[in-house]
Amino acid sequence: MALEATREIAAPSVTATSGRRWLQLLIGIVCMSMIANLQYGWTLFVNPIHDKFNWSKAEIQVAFTIFVLTETWLVPIEGYLVDRFGPRPVTLVGGLLVGISWVLNAYADSLTLLYVSAAIGGTGAGAVYGTCVGNALKWFPDRRGLAAGLTAMGFGAGSALTVIPIATMIKSQGYEATFFNFGVFQGAVVFVLALLLASPPAGHAAATPTQRAQWASRRDYTPGQMVLTPVFWVMYLMFVMMAAGGLMATAQLAPIAKDFRIADVPVSLVGITLPALTFALSIDRVLNGVTRPFFGWVSDKIGRENTMGLAFLIEGVGIVALARYGQDPVAFVILTGLVFFAWGEIYSLFPATCGDTYGSRFAATNAGLLYTAKGTAALLVPLTSLLSAAAGRWHTVFLAASALNVLAALMALFVLKPLRARMRGAPDLPA
C-alpha cells in the first residue's frame, strides 16, 4: 500500500495528457461506430434471408445469438491481451474479422456458414468493443461515466446514418451486395484507425487527492480478486436482466413491426416521412447512442446506482407502453425510441461502475468479464421468437422484459448501492 500511495503521488495529471486522451476517445468512438451494424443492422437482413432460403426466423436468429455470445464471452481474453500488449494489435485483428464476417454473410447459402460468419464477426466486434471501452476507462479515470458513455455511443448510434442506405441497398441490389460492400468498408476503417490507438502513460491518474477520493477503488483488483466479491455478481445479474429486453428489441424489431402490420406504413414526424420500421430504426439508433454519454454524465454527478434506478424504471414503463400501444405506427416509432433511450445506458453505467469499484490497471479485462453478461442475455433472444409464436403475440414477451427492468432498478438502489458502500471500507482481498 505504501508503494501504491507513492505511485499515486508521482502519477502524471490527467491535464498533462488532455489533448491526447480526447483524440484517443474520438478514435474509439469512430471504431465503435464501424462495428455497430453487426448488431443493430442485423434486423434488416432477417426477413430477406428468410424470404430467400425459407429458413425459420428462429433458426436465423441463432446467428444473432452466436454473434452476441462470441462478441461478449471472448472479451475477457481480448481485454487481457489489451492490458498486456496495448490496444493496437487487438483492434487491428478485430477490424479484419469484422470485414471478413459480412463478406462471408454475402455468400452464406447454409445455416452452418451463417453461424460461422456470426462467430467470426462476434469475435472481431468484441475485440474492438472491449478495447475501446477499456481504453476509455484508463484514459479518463476522472470521468469514467462520460468517457464510457461517449465510447458506447459510437456502438449505439453508429448505425443511425447507415440504416437508410442499408435498407435502400437491400431493396435495390439485394442483401448479399449490402453485406459485401458494407463489410469491406467497415472493416477497412477499423483497421486503419487501429494504427493510431495507444495506452495512457504509466501512472496516468487524477490531478488531486479529492478527485481520487471520489472514485470507489483506491487499489487495482485483478480479475480473480474481482470475481470473489458479491458486488460483481450483483452487477452481472442486473446486466443480464437489463440486456435481455434490449437485445430482444434489437433483434426482433423488424419481425415485431411486421407482425403488428405497420412496418411499411408511412409515419410523419418533425417534417420527415418514412416507413414506420425505417423511421423507428433511425430514431432508435440515435437515442440509443445519445443516452449513453447522457446517463454516464448524470451518473458522474448523482451516482451510478441512483442513475440506474431512474433509467431502468423508465425502460420498464416504456416496454409496457410499447406492448399496449405499439400497433399504432406513430406510437411504435415514439415508444421504441423511448425503450432504446432507457436501455442503451447500461453500456456506460456498468463499465463505469466496474472501473470505479475495481480500479484502472485491469480495467479492460474486468469490464470484459462483466460484459459477458450481455452474451448470457443473448441466449434468451431465440426463445422470444418461440414464446411469441406459442402465445400468438408479443405481449407476454414485453411484460416479462418489463418486469426484469423494474426488478433491476430496485436491485440497484437497495442491493448494489449498500454493497458498494460497505466494500469501500472492506480490507483488501488476498492477491
Side-chain angles (χ1 to χ4, degrees), residues 8 11-14 17-18 20-29 31-32 72 75-76 78-88 90-91 126-156 197-207 211-212 214-223 225-226 231-232 235-236 239 292-293 295-300 303-304 307-308 344-374 420:
E8 284 188 357
S13 165
V14 292
T17 53
S18 180
R20 187 181 177 192
R21 70 175 184 161
W22 285 103
L23 176 61
Q24 289 295 309
L25 185 64
L26 177 61
I27 293 171
I29 292 171
C31 285
M32 293 282 271
T72 54
V75 167
E78 295 153 351
Y80 166 79
L81 295 175
V82 172
D83 288 335
R84 181 161 186 177
F85 301 108
R88 189 175 302 142
V90 179
T91 311
V128 177
Y129 192 107
T131 300
C132 294
V133 171
N135 216 34
L137 294 175
K138 292 181 178 183
W139 276 102
F140 288 84
D142 54 330
R143 299 180 181 178
R144 284 195 177 104
L146 178 63
L150 287 170
T151 305
M153 179 186 70
F155 191 71
L197 282 173
S199 299
H204 181 70
Q211 286 178 312
R212 286 195 295 272
Q214 294 173 350
W215 311 333
S217 179
R218 297 192 179 190
R219 57 158 293 174
D220 296 308
Y221 286 73
T222 66
Q225 292 168 336
M226 179 182 70
V231 168
F232 171 77
M235 285 197 294
Y236 195 93
F239 203 147
R292 302 178 186 210
F295 278 112
W297 172 79
V298 170
S299 72
D300 286 337
R304 310 296 185 209
T307 308
M308 287 179 182
E345 87 292 325
I346 64 175
Y347 299 109
S348 59
L349 295 183
F350 282 109
T353 306
C354 185
D356 287 348
T357 309
Y358 301 109
S360 296
R361 183 178 177 186
F362 304 101
T365 308
N366 289 341
L369 279 170
L370 183 59
Y371 188 62
T372 61
K374 178 182 173 184
R420 284 221 307 148

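FYI, side chains are in, hydrogens and waters are out, and symmetry mates aren't considered; it's all heavy atoms of this structure. Along the sequence shown, the residues carry numbers beginning at 1.
One finds the CZ atom of Arg144 at 11.0 Å from the NZ atom of Lys138 (value rounded to the nearest 0.5 Å). The CD1 atom of Ile29 sits 5.0 Å away from atom CG of Leu150, with the distance rounded to the nearest 0.5 Å. Expressed to the nearest 0.5 Å, how far SG of Cys354 lies from CG of Leu369 amounts to 8.0 Å. The CE atom of Met32 sits 10.0 Å away from atom OG1 of Thr131, with the distance rounded to the nearest 0.5 Å. In this structure, the separation between OH on Tyr358 and CG on Leu370 is 8.5 Å, given to the nearest 0.5 Å. Cys31 contributes atom SG, which lies 9.5 Å from atom CG of Leu26 (distance to the nearest 0.5 angstrom).
Contact check for Val82 versus Asn135: no side-chain heavy atoms found under the 4.5 Å cut-off. Residues Pro293 and Ser348 are not in side-chain contact: their nearest non-hydrogen atoms beyond the backbone lie 4.5 Å or more apart. Between Phe239 and Tyr347 there is a side-chain heavy-atom pair separated by less than 4.5 Å. Residues Leu146 and Phe140 form no side-chain contact, since every pair of their non-hydrogen atoms from C-beta on lies 4.5 Å or further apart. Taking the side chain as every heavy atom from C-beta outward, Thr353 and Arg420 approach each other to under 4.5 Å. Using a 4.5 Å heavy-atom cutoff, the side chains of Phe155 and Arg292 are in contact. In this structure, the side chains of Thr372 and Pro76 come closer than 4.5 Å at one or more pairs of heavy atoms.
The backbone N or O of Gly359 lies less than 3.5 Å from no partner atom in the side chain of Asp220, so there is not a single donor-acceptor pair. For Glu345 (side chain) and Met308 (main-chain N/O), no donor-acceptor pair under 3.5 Å exists by modelled atom type. The main-chain N or O of Gln225 is found under 3.5 Å from a side-chain atom of Thr222 such that the two form a donor-acceptor pair.
Residues Ser199 and Pro87 come closest through the heavy atom pair OG-CD, 3.1 Å. Minimum heavy-atom separation, Leu137 to Ser360: O-OG, 4.3 Å. Across Gly145 and Ser299, no two heavy atoms sit closer than the pair CA-OG, 4.2 Å. Considering every non-hydrogen atom in both Gly126 and Glu78, the closest pair reads C-OE1, 3.1 Å.
Enclosure of atom OH in Tyr236 by more than 12 non-hydrogen atoms of other residues, nucleotides or ligands within 6.0 angstrom is indicated.
By the ring-ring contact (aromatic ring centres under 6.0 Å, His included) test, Tyr371 pairs with Tyr129, sequence neighbours left out. In terms of the salt bridge (charged side-chain N to carboxylate O under 4.0 Å, His left out) criterion, residue partners of Arg304 (sequence neighbours excluded) are, by chain and number, Asp300, Asp356.
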- Take Trp139 and Leu25 through the test side-chain contact (heavy atoms from CB on, under 4.5 Å) and record every step on the way to the result. CA-CA 8 Å; Trp139 276 102; Leu25 185 64; over 6 Å; no

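Remark: Lys374 fails to qualify as a cation-pi partner of Phe350 under the 6.0 Å distance and 45° angle criteria applied to the six-membered ring.
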